[in-house]
There are 2 protein chains.
Amino acid sequence: MTENRKLTLKDIARELNISISTASRALKGHPDISDETIRIVKEYALKHNYVPNVLAVNFRKNRTFNIGLIVPELVHHFFSTVISGAIDAAKKKGYNVIVSQSNDILQDEVTACRTFLASSVDGLLISISNETFEGKHMLDFINEGKPVIQFDKITDQLDTPKVIVDDFEGAYQAVKHLIDEGYDKIAHLRGRSEVKNANERALGYEKALKDFKREFQPEWIKECKLINEEEGYVFTKELMESENPPNAIFCITDLVALGVIKYLKKAGINIPQQVGVMGFSNWKLAEIVNPSLSSVDQHGYQIGVTATEMLIEKIQNHDIESHETVEIKTNLVVRDSTRLSKNEFGNI
Amino acid sequence: MTENRKLTLKDIARELNISISTASRALKGHPDISDETIRIVKEYALKHNYVPNVLAVNFRKNRTFNIGLIVPELVHHFFSTVISGAIDAAKKKGYNVIVSQSNDILQDEVTACRTFLASSVDGLLISISNETFEGKHMLDFINEGKPVIQFDKITDQLDTPKVIVDDFEGAYQAVKHLIDEGYDKIAHLRGRSEVKNANERALGYEKALKDFKREFQPEWIKECKLINEEEGYVFTKELMESENPPNAIFCITDLVALGVIKYLKKAGINIPQQVGVMGFSNWKLAEIVNPSLSSVDQHGYQIGVTATEMLIEKIQNHDIESHETVEIKTNLVVRDSTRLSKNEFGNI
DNA sequence: ATCGATTGCGCAAACCATTGCGGAACCGTT
DNA sequence: AACGGTTCCGCAATGGTTTGCGCAATCGAT
């Protein structure tokens, strides 16, 4: 209303009878400019509400103060917490976050990368799709001097900094807890063998069994392909109907654990008395399901914050060389589904 | 690697012995340029992989192909579906989405608006915080010729286009369903009276009771302030211990309904036989909770798509005048918590 | 031969902030 | 008086693209 056209440096210079460059330097307190001039210019700018044209600044400096964030799936509790952390951390440093999703489709991921690269982004945070193994599209990014950081779902075939969950340790602690509670025949519904996180969790599972000398049976390990409720249900049925059924089941994720719980309830098997159930990820559903589900919290928010801070630092230092990997510790959340020893509150 | 510096129009012009403007026009098939020249330029550009410098284009055209999206809370099933829809719709039109969250704090919302306005965004999609009543910060946007669209949580004090859930009708249908199932004493745990959605739902509730001539008791309406599980629990206790307890409870949202269910189970009251429970929003938890919760689906994805398409159209037409309101229809999802008549599958 | 219309293309400004470099003015030192 | 060192400030280029305007050439019509 009041101001129609935005005020530019040129306007200030004309009005104050100085050159544009003097105006520019005065505004940032450059030592070449006298205190008096600085004062006058700053006063004028403030009074007339001068705001630098960001588009022009970005153009000149060849950067945007935007960072790109690609996740497989936005409507997903874990990833939305990561995004939330990324946005909050970026905001603190004056960056915006442009979000995109790959739907676990490589082609969509490549397209998103291209779009980001073509324009609007100073750096990239990415959690890759299930279909991504190399990473040429991410390499393009690095080749243009724009840093890339992988988080959570990563590929080791591309040498970038990484922020990951300590899946191995998380799984180890989860299984150790089951052992501590007294379960001694522990099965594992694992994820796809091409996915690194799944392998790490499986390794943690095996290590714990070995360290505490518990029974290990290859047929107690089932590989989930889709990571959904139904697989949990079906595999649990298989396991419980086998000759040597387990008395605890450690699941690749809470959703699978939900299927496990559904089967066990249907089959009249008591949780946690007869069979303990452990999830992974600590989604909202873990609190809600009955019995409530023990799980491993991944601190998604912290992952988002850490990855974003690393990225922005690399952007600002033009650093695309270093390749450190940060592991965010997990946190075991014990609930009713594995609480054999003492069940203080009872189920609802 | 291969190309160090990006190819510019200037390079093409030099190489082909034409002027920069001819190169520019040739690339977009301007009628002033001969077919022959167009062919040559396009061929050269393709061969050398010319990509226009987006920063320069944006600067020149004074737009960014980014749209801003502000929600109260990102880690929230409904809002993440909206965001997902917005991103997908934006991608189709060549726009990016920059996401921010207000945490239901007015100050954060204002700051986010300012950041977006100062720079990086051609238009704004916003679902306001609980603390927002006027909307001066959004007005600033409009005054700069950048369209704003409100969705879901809106204020009528600011005259913008709106995309909203048909809360009234959704609530009406939900209560009608309860009546159809045979419940005749229906309570409502409503939301805050300052929030429009909450009022609409309450009106739909009252209208249904009136239309079907069911008992209406002011003390059956409880106002939730925080919209959480605990309020559901506490109010249900109050209701059920009163002299005239209801036999169905219609809740402002699924989370409140979860508290209702917890109390009823604790108190040994059968769902749905003794008391029916109806949620609103159809979160993931509605499927998971036991008994599964009937709810009203809000089609968040569709809201995101619709709002984004409207916004982009307004951006492209420089239209900040029209102020139409679009209502997205809801969809009743019946589950066990209200299935009095015939319970085919039984609870798990 | 002259005029008008059409086609094809280039000049230069515009967008706005930034910055290397050089000029001018002023000081103090020798 | 001459010189070097500061201080202060502006010129002009830079970045890449877009676009209004105008020039030049060609052709057909009279």
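All chains are named by letter (A, B, ...) in the order of the sequence lines, taking the proteins before the strands, and each is independently numbered beginning at 1. Everything quoted here is computed from the prediction, not taken from an experiment.
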*Among K162(A), E134(A), Q150(A), the one residue meeting side-chain contact (heavy atoms from CB on, under 4.5 Å) with T155(A)*: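 Among K162(A), E134(A), Q150(A), the one meeting side-chain contact (heavy atoms from CB on, under 4.5 Å) with T155(A) is Q150(A).
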*Are any non-hydrogen side-chain atoms of V163(B) and I149(B) less than 4.5 angstrom apart?*
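With C-beta onward as the side chain, the pair touches.
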What is the distance, to the nearest angstrom, from the [atom1] atom on [X] to the [atom2] atom on [N]?
| X | N | atom1 | atom2 | result |
| --- | --- | --- | --- | --- |
| L16(A) | dG10(D) | CG | C1' | 15 Å |
| N17(A) | dC8(D) | CG | P | 20 Å |
| I18(B) | dA12(C) | CD1 | C1' | 17 Å |
| R39(A) | dC8(D) | CZ | C1' | 16 Å |
| L55(B) | dC16(C) | CG | P | 16 Å |
| I40(A) | dC8(D) | CD1 | P | 13 Å |
| N62(A) | dT19(C) | CG | P | 13 Å |
| I38(A) | dT7(D) | CD1 | P | 13 Å |

*Between protein and nucleotides 16-25 of chain D, map the contacts as a letter string: B base, S sugar-phosphate only, - none, heavy atoms under 4.0 Å, written 5' to 3'.*
BBBBB-----
_For Y44(A) and H48(A), take the angle between the two ring planes, folded into 0 to 90°, and tell me which bin it lands in: parallel under 30, tilted 30 to 60, perpendicular over 60._
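The arrangement is parallel - the two ring planes meet at less than 30°.
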Salt bridge or not between [X] and [Y]? Use side-chain N to carboxylate O under 4.0 Å.
| X | Y | answer |
| --- | --- | --- |
| D32(B) | R25(B) | no |
| R39(B) | E43(B) | yes |
| D140(A) | K136(A) | yes |

*Counting just side-chain N and O atoms, does T37(A) come under 4.0 Å of either OP1 or OP2 of dC9(D)?*
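Answer is yes, contact under 4.0 Å.
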